[in-house]
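A quick write-up on the structure given underneath.
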Amino acid sequence: MTTAASEFDVIYDRSAYGSAKWANRWDEYAPAVEGEGILSLWTADMDFRAPQPVIDRLVDAAQHGVYGYTLRDPAHFEIVRAWFSERHGWTPEVETLLPGPGVMPCVAAILRTFTQPGDGVIVQTPVYSPYFEVISGNGRRLLINQLRLEGGRYHLDLENFEALARSGAKAFILCNPHNPSGHAWTFDELTALNAVCERYGLIVISDEIHCDIRLSAAPHVVFASIGESARQRSFICLAPTKTFNLAGLQCAVVSAANPAWRARLFDTLRFSFMTNPNYFSRLGLEVAYREGGPWLDALTDYLRGNLDLVTRFAGASLPGLHPMRPDASFLVWIDARPVDDRVGDVKAFFLEQAKVNLYSGRVYGPGGEGFIRLNIGCPRPLLRDALNRMAEALGKA
Ligand SMILES: Cc1ncc(COP(=O)(O)O)c(C=O)c1O
């Protein structure tokens, strides 16, 4: 089944379906969003319908009407394995795969199982902010290794990473590819990080939820694929939810190659009663990975078009905004420091003056100040509307 580009142009009203992005008149972080007509380009889901085979299967399952308990059998994990093998050249053994209700619940379960209250956990900022909450909220110590921004892309600060590892850190949460910048960490970068983790005995939680949407030619390197040491010391967190816009279904998979660690994590998951999948999410994952490839390819082309639009438009009409080119994901990280300096708070400025709601870079921790994150996983007419509003607001500032 093919998906025409024009299908991605359709704007759906999501406000009646409890959408975090569109149903609320507030946003998670201050300031409160008030009033009608605000374009929501913040939280990381897309405004597109899922692949048609997924919709058909879920409608069929809804019509069936018997919503009893479900299992994930080996065939379920075979489908996950086949997807990663075909798309990313990584073929995890089926027995390494564990079920979870979402990537973040799995990250929390791993931290609780393998670290103690007070243990240090490293993250590299700016980064997806729930990492801060999962560390601090579970009583672990947040250790920040700030990425270095040079030549318009992020680089590792390996020296500081090693100093933090040496200071007694127990775990490292890697965002691979990186949210918010969309940077695809290379084999060499991952190998360098792993060498430090190996030297100091850190476990690695590699969150690879954004791996499937490839906007540049850079490949996705699964952390566990770089070598046996990385495979044995890591947990790879995966999900179809960003890829196929299924976040509301909630499902994830963790690959744990180390048998002893896998057994411990499985105990945490099952004694938290987190392993029985939701009736719809189980089906959604299976159909998406089995039949969603052509849709994903069409989506990727469309998102490249959206990215080109943002890049060209910013160059011509958004002075002081410098978008980075993501290798992966549907998120564009924009260096807006010149505007932020001028207007005070660039996120609040666009919300109030343009009625465009973006994520504030400050949410992403040290290094995010003066940046904004724009979600381009939306119909192009809507994106164009948002960019025009932003240009108009900037023109008046
Ligand atoms: C890097 C990253 N990890 C995890 C999540 C959330 O995953 P889940 O909904 O499966 O907990 C997000 C959502 O935006 C994300 O960007």
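As the structure is a computational prediction, the values presented were derived from the model and not from experiment.
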Would you say S255 and T96 are linked by a side-chain donor-acceptor pair, where the criterion is simply a distance under 3.5 Å?
yes
Is there side-chain contact between N194 and S229, with at least one heavy-atom pair below 4.5 Å?
yes
Between H178 (side chain) and P126 (backbone), is there a donor-acceptor pair under 3.5 Å?
yes
Would you say L215 and D327 make side-chain contact, with heavy atoms under 4.5 Å?
no
Any side-chain heavy atom of R342 within less than 4.5 Å of one from L394?
yes
Is the closest basic N to carboxylate O distance between D340 and R337 below 4.0 Å?
no
Please determine which of R325, H155, E189 meets the side-chain hydrogen bond (donor to acceptor under 3.5 Å, both in side chains) test together with H183.
E189
Measure from the side-chain N and O atoms of R140 to the backbone N and O of D119, and report whether any donor-acceptor pair falls under 3.5 Å.
no
Is the number of heavy atoms from other residues, nucleotides or ligands within 6.0 Å of CZ (R112) greater than 12?
no
Electrostatic pair R14-D47, nearest N-O below 4.0 angstrom:
yes
Below 4.0 angstrom, N of the basic side chain to O of the carboxylate: do E228 and R231 qualify?
yes
Would you call the rings of W261 and F114 parallel, tilted or perpendicular if under 30° counts as parallel and over 60° as perpendicular?
tilted
Any side-chain donor-acceptor pair under 3.5 Å between D56 and Q52?
yes
Side-chain H-bond candidate by donor/acceptor type, R270 with T275, under 3.5 Å
no
Just checking, any donor-acceptor pair under 3.5 angstrom between side chains of H88 and D212?
yes
Look at the rings of Y359 and W42 and say which category their plane angle falls in: under 30° parallel, 30 to 60° tilted, over 60° perpendicular.
perpendicular
So with a 6.0 Å cut-off around CD of E150, is the heavy-atom count from everything else above 12?
yes
Would you find a donor on one side and an acceptor on the other, under 3.5 Å apart, between the side chain of S317 and the backbone of A314?
no
Quick check on the 6.0 Å ring-centre criterion: do Y364 and W333 meet it?
yes
Taking the side chain as every heavy atom from C-beta outward, state whether L383 and L309 have any pair of such atoms under 4.5 Å apart.
yes
Lys/Arg-Asp/Glu bridge criterion (N-O < 4.0 Å) met for D267, R264:
no
So P92 and L97, do their side chains get closer than 4.5 Å, heavy atoms only?
yes
Test of ring centre spacing under 6.0 Å for F172 and F161:
yes
Could you tell me which non-hydrogen atom of T311 sits nearest to which non-hydrogen atom of P323, and how far apart they are?
CA-CG, 4.5 Å
Within a 6.0 Å radius of atom CD on E95, are there more than 12 heavy atoms belonging to other residues, nucleotides or ligands?
yes
Between R389 and K355 (side chain of the first, backbone of the second, donor and acceptor by atom type, cut-off under 3.5 Å), is there such a pair?
yes
Pick from F330, F48, W83: which one makes a ring pair (Phe, Tyr, Trp, His ring centres under 6.0 Å) with F244?
W83
At their closest point, which heavy atom of F132 faces which heavy atom of V363, and how far apart are they?
CE1-O, 3.5 Å
Under 6.0 Å between ring centres: does that hold for Y69 and Y279?
no
Donor on one side chain, acceptor on other, D13 and S15, under 3.5 Å:
yes
Could E162 and R199 be called an ion pair, given the rule that one side-chain N must be under 4.0 Å from one carboxylate O?
yes
Mark yes or no for whether R373, through its side chain, and G361, through its backbone, hold a donor-acceptor pair below 3.5 Å.
no
Could you check D9, N306, D385 and say which one makes a side-chain hydrogen bond (donor to acceptor under 3.5 Å, both in side chains) with R380?
N306
Is a side-chain donor-acceptor pair under 3.5 Å present for S329 with N179?
no
Considering all heavy atoms of both residues, which atom of S360 and which atom of K347 are nearest to each other, and what is their separation?
CB-CB, 3.7 Å
Taking side chain as C-beta onward, heavy atoms only, is L249 less than 4.5 Å from L58?
yes
Measure up the Y154 and F371 rings against each other and bin them: parallel (under 30°), tilted (30 to 60°), perpendicular (over 60°).
tilted
